[in-house]
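Comments concern the structure below.
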Amino acid sequence: MAEKVLVTGGAGYIGSHCVVELIEAGYQPVVVDDFSNAVRGEGDVPESIRRIEKFMDTSIEFHELDLLDRPGLEKIFKKHSFSAVMHFAGLKAVGESVEQPLRYYRVNLTASMNLLEVMQAYRVHNLVFSSSATVYGDPQHLPIDEQHPVGGCTNPYGKTKFFIEEMIKDHCKAEKKWNAVLLRYFNPIGAHFSGLIGEDPQGIPNNLLPYVAQVAIGRRECLNVFGNDYDTIDGTGVRDYIHVVDLAKGHIAALKKLKDDCGCKVYNLGTGRGYSVLQMVKAMEKASGKEIAYKVAPRRGGDIASCYADPRLAEEELGWKAKFDLDRMCEDLWRWQSKNPTGFSNGTAS
C-alpha cells in the first residue's frame with residue numbers, strides 16, 4: 001500500500017511539480033489547495049492537477065480547503081492515515097508582503113499553526129516545509145550556507161517563513177517523535193518537461209522569469225528591471241535560479257530523510273551559482289528567439305543585491321544535487337509559455 005502524503009498548496013507551481021515526483025516515487029499524494037495560486041479546471045479540480053492526472057494516467061484526491069479552516073482540515077486527517085505532510089500553502093510575493101504585512105502574518109502563520117496542531121492531534125509526526133532563502137536576509141557572506149545567521153529578514157514574507165521555521169524547530173524540541181526537514185529554496189524557475197504544467201501567476205507576475213516569459217510571448221509590453229545600481233556584475237540583482245523539477249526531487253530526498261528519525265534538519269536547495277537579471281533576460285532571449293524589451297525602474301522595497309546558495313549539505317546528507325543548467329531551465333520555461341500563452345486558462349495543452 002502506497003504511503004499517503006498530504007500536500008498543502010499542491011495545485012500551485014512548486015506543489016504541483018512535487019505531486020508529479022511523489023507519484024513517480026511511489027507515494028500517494030492527497031492535495032489540498034484554496035485556489036489562491038491555482039486555476040480552477042473542470043469539476044472544480046485545479047487545472048494543474050487535472051493535467052497531471054491525464055499525462056500520468058492516474059487519479060489524485062483533491063480537496064478545496066483554506067488551512068485557516070481548521071474543522072475542514074481535521075476532517076481530512078480523520079479520513080486518511082498520512083505518513084507525512086509537505087507544506088507549501090501560503091502567500092509568497094515579497095513586494096506584496098511589504099504592502100500587506102498583516103495579511104501575510106495572518107494567512108501564513110495561522111495556517112501553519114493550524115496544520116501543526118492538527119498533525120499533532122492525529123499523530124502525524126513527519127513534515128517537509130517549504131521555506132525560503134529570504135530567511136537569511138541581506139547576506140553576510142556568499143555563498144550562503146545553512147550556518148548563515150537567519151531572522152534579519154528584509155520583508156514580511158521572509159519573516160513569516162522564519163517564524164514558521166522557529167515554530168517547527170521548537171515543536172520538534174518539545175515533541176521527540178517529530179521529524180521535520182526545512183527546505184530553504186533559492187529561486188525556482190522552469191517547468192515540467194512535458195510543457196503541460198508550469199508557473200501561471202494570477203495577475204501581474206511578482207517573479208522575474210514568468211514576467212520575462214510573458215514579455216517574450218507578447219502578453220506584457222516591457223520588463224521593469226528594479227534597480228541597476230547594485231554592487232553586482234552589471235548593477236542588477238543576482239539570484240540563484242534552480243529548475244523546479246530539481247527542486248521537487250529535493251522534496252522526495254527530504255521525505256526519505258524523515259525515515260532516519262532525523263529530528264529537525266535544514267537544507268538549502270539551490271545550484272550554488274548566481275545570475276543577474278540582465279543575464280537571465282539574455283538567457284530567455286536565447287531560449288525563445290525573441291527580443292525582450294526592458295526598462296530600468298527604481299529598486300523595490302525588501303530586495304537585496306545578491307543571494308546564492310552553498311548547496312553542499314543537501315548533497316552530502318540527502319544525496320541530492322541540482323542537475324539542470326540555465327539553458328535547460330529557460331528552454332523548459334519557454335516550452336511551457338509557448339504551449340500555454342495565457343497560462344492554464346487557455347487549455348490548448350490539455
Side-chain angles (χ1 to χ4, degrees), residues 8-15 18 33-38 66-68 86-116 127-140 144 146 148-169 182-189 199-211 224 226-227 230 237-242 244 247 251 266-270 277 297-309:
T8 74
Y13 174 44
I14 298 166
C18 284
D33 202 290
D34 69 352
F35 289 98
S36 60
N37 285 303
D66 186 329
L67 293 186
L68 298 178
M86 281 188 180
H87 181 31
F88 299 97
L91 301 174
K92 62 187 180 73
V94 167
E96 186 181 68
S97 78
V98 174
E99 295 162 4
Q100 302 176 34
L102 293 183
R103 179 172 168 240
Y104 269 67
Y105 290 128
R106 180 175 59 81
V107 172
N108 290 3
L109 298 183
T110 310
S112 298
M113 211 173 298
N114 279 349
L115 179 64
L116 292 171
L127 175 67
V128 178
F129 173 56
S130 160
S131 191
S132 165
T134 54
V135 301
Y136 294 119
D138 214 337
Q140 296 179 19
I144 297 172
E146 290 83 354
H148 187 288
V150 291
C153 308
T154 59
N155 55 75
Y157 163 73
K159 287 177 188 171
T160 66
K161 291 294 189 182
F162 170 66
F163 294 151
I164 296 164
E165 280 196 7
E166 291 295 290
M167 282 196 284
I168 294 167
K169 286 177 184 174
L182 316 180
L183 297 176
R184 292 174 181 161
Y185 306 169
F186 281 68
N187 292 67
I189 64 170
E199 187 168 12
D200 183 19
Q202 304 308 292
I204 298 169
N206 289 297
N207 296 326
L208 173 65
L209 266 295
Y211 204 109
N224 286 320
F226 295 105
Y230 288 106
V238 168
R239 298 291 181 270
D240 185 335
Y241 294 92
I242 176 174
V244 67
L247 188 71
H251 288 72
V266 177
Y267 299 102
N268 288 337
L269 294 186
V277 172
R299 293 184 183 191
R300 287 184 304 192
D303 275 349
I304 57 178
S306 293
C307 183
Y308 53 95

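Atoms considered below: every heavy atom in the structure, side chains included; atoms not considered: hydrogens, waters and symmetry mates. Owing to the predicted nature of the structure, the values given are computational and were not obtained by experimental measurement. Counting from 1, the numbers follow the sequence of the chain as shown.
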Looking at N207, N37, L209, V244, which hits side-chain contact (heavy atoms from CB on, under 4.5 Å) with E199? N207
Side chain to side chain, N206 and K92, heavy atoms closer than 4.5 Å: no
Please check this pair: side chain of N108 against backbone of L91, looking for a donor-acceptor N/O pair closer than 3.5 Å. yes
Just by distance, do the side chain of D66 and the backbone of D34 share a donor-acceptor pair under 3.5 Å? no
Backbone N or O of A309 within a donor-acceptor pair of the D240 side chain at under 3.5 Å? yes
Partner residues of Y241 under the ring pair (Phe, Tyr, Trp, His ring centres under 6.0 Å) criterion, sequence neighbours left out: none
Min side-chain heavy-atom separation K161-S130 under 4.5 Å: yes
If you round to the nearest 0.5 Å, how far is OG1 of T134 from CG of D303? 11.5 Å
Ring pair (Phe, Tyr, Trp, His ring centres under 6.0 Å) filter on Y104, not counting sequence neighbours, yields none
Should E146 and R184 count as an ion pair when the cut-off is N to O under 4.0 Å? no
Once you round to the nearest 0.5 Å, how far does CG of L247 lie from CZ of F186? 11.5 Å
Checking S112 side chain against L109 main chain: does a donor-acceptor pair fall under 3.5 Å? no
Contact summary for A93 and Y157, nearest pair of heavy atoms: O-CB, 4.3 Å
Test your reading of the model: is there a side-chain donor-acceptor pair from D138 to the backbone of T154, 3.5 Å cut-off? no
Hits for ring pair (Phe, Tyr, Trp, His ring centres under 6.0 Å) against F129, two or more places apart or cross-chain, chain-then-number order -> H87
N224 side chain to F226 backbone, donor-acceptor under 3.5 Å: no
Donor-acceptor pair, Y105 side chain versus T110 backbone, under 3.5 Å? no
Short side-chain to backbone donor-acceptor contact, T8 and A89, under 3.5 Å: yes
